[in-house]
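Owing to the predicted nature of the structure, the values given are computational and were not obtained by experimental measurement. First the proteins, then the strands, lettered A, B, ... as listed; each starts at 1.
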Protein chains: 2
Amino acid sequence: MPRPRTSETADRIRAAAMALIAEKGVAQASLREIAERVGITKPALYYHFASREELLRGLVQPLVDDMEELLAAAEAAHEEDPQRLLADYFDVTYRHRAITSMVMTDPSVLAHLNLAAAVDGWRRRLTALMYGPEPTLAQRVRATVAIGGLGDCTILDLDAAPTEVRRATLEAAYATLGF
Amino acid sequence: MPRPRTSETADRIRAAAMALIAEKGVAQASLREIAERVGITKPALYYHFASREELLRGLVQPLVDDMEELLAAAEAAHEEDPQRLLADYFDVTYRHRAITSMVMTDPSVLAHLNLAAAVDGWRRRLTALMYGPEPTLAQRVRATVAIGGLGDCTILDLDAAPTEVRRATLEAAYATLGF
DNA sequence: GTCTATAGGCTGATAGAC
DNA sequence: GTCTATCAGCCTATAGAC
């Protein structure tokens, strides 16, 4: 079933799926309703995506790819500066904040796509870069609070300029780390 | 439809539902599978619960009740000590960590039970107690990181003594607040 | 690329016997 | 309190016409 690399309809389907999932969660976002919003019928979706799961996987892939690339680069460069690491992590989650928000609002996407372990791995790898390969309990807790809380802030509605939110969030997360 | 105040079967149903939701998320926890685990048939559930929604609501109610009670008491006493407030908040979430974990793993329960606004209100009320009624952007961000990150820690598997996890978590959250 | 029609399975929920 | 039998409604997915 050869399909074009990029399809305008496929993009509209993805956009409709994202919006619907943000509103009602993954499980409630049915192909019927997605098709309805795009203005086509349900079977037409199957011309653009082999299955519902393939559609969902395509939604989160940009975030997954960028995060893996960031961590691989940081590990290769032995990047140890916590402020730099937090900033890079924030920027990736913020760039894909529509996806971040979707995932944080309904993490069952991760379970359904077998991505929960990957996300857990991101946290552990980030912690290892900042505190070394065998962090203490206190260090693991501090990293968890900083990274988890940072994620909460990227999706928080603060009616403030993004640059200010970014600065305030990075300051708060850095204070948590206790360096 | 008068039913006994406490029913051993109802408790077993709730336990099975909690376990199943923890494993597969709310949407995937069907009445059929819950009944199967309890060892009864699906219609038998309806003797104990009027609907699936009533069953779900009963699962999270203990956490909701305790948290509302904690906040009402803190507000009545004009409690302002951040360390005390964080500790009380941690203790409630930890006491109900099975529920906390369930909610954080799959927040769509909250949306389905119209509880998302309530949880958001908890964070705002806690922030107001610590920083006053009109916190700055930096203060709101710090409170969000501290409270959100604290929640992450109550469900983190750290293979350490609970008292140590508690101490480390409260230290990290307090450091975030920047007092 | 999109359609109509349909298969087959799962869901929450109810009726009524025991 | 629990059962069997059953309902309508929703789902993902496919077949085949245009």
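Counting to the nearest Å, the P atom of D:dA15 and the OH atom of A:Y47 are 17 Å from each other. Residue A:I34 contributes atom CD1, which lies 16 Å from atom P of D:dC10 at whole-angstrom precision. Following rounding to the nearest Å, A:E54 (CD) and D:dT12 (C1') show an atom-to-atom distance of 14 Å. The CD atom of A:E36 sits 16 Å away from the P atom of C:dT2 (whole-angstrom rounding). When the P atom of C:dG1 is taken as reference, atom NE2 of A:H48 falls 7 Å away, rounded to whole Å. If you measure from atom CG of A:L55 to atom P of D:dA13, you get 10 Å, rounded to the nearest angstrom.
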Reading 5' to 3' through nucleotides 4-18 of chain C, protein heavy-atom contacts under 4.0 Å coded B for base, S for sugar-phosphate only, - for none: BB-----SBBBB---
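Under the 4.0 Å criterion applied to side-chain N and carboxylate O atoms, B:D91 and B:R166 are assigned as salt-bridge partners. Contact check on A:E164 versus B:R140 returns no salt bridge, with no Lys/Arg side-chain nitrogen under 4.0 Å from an Asp/Glu carboxylate oxygen. In summary, B:E33 and B:K24 engage in a salt bridge, as defined by a charged side-chain N under 4.0 Å from a carboxylate O.
Legend: residues meeting side chain to side chain contact (heavy atoms under 4.5 Å, CB included) with A:L156, ordered by chain and number and at least two apart, are A:L158, B:R123, B:T144. Taking the side chain to side chain contact (heavy atoms under 4.5 Å, CB included) definition, one finds that A:A44 meets it with A:I40, A:T41, sequence neighbours left out.
The two residues B:V141 and A:A172 make their nearest non-hydrogen contact at CG1-CB, 4.1 Å.
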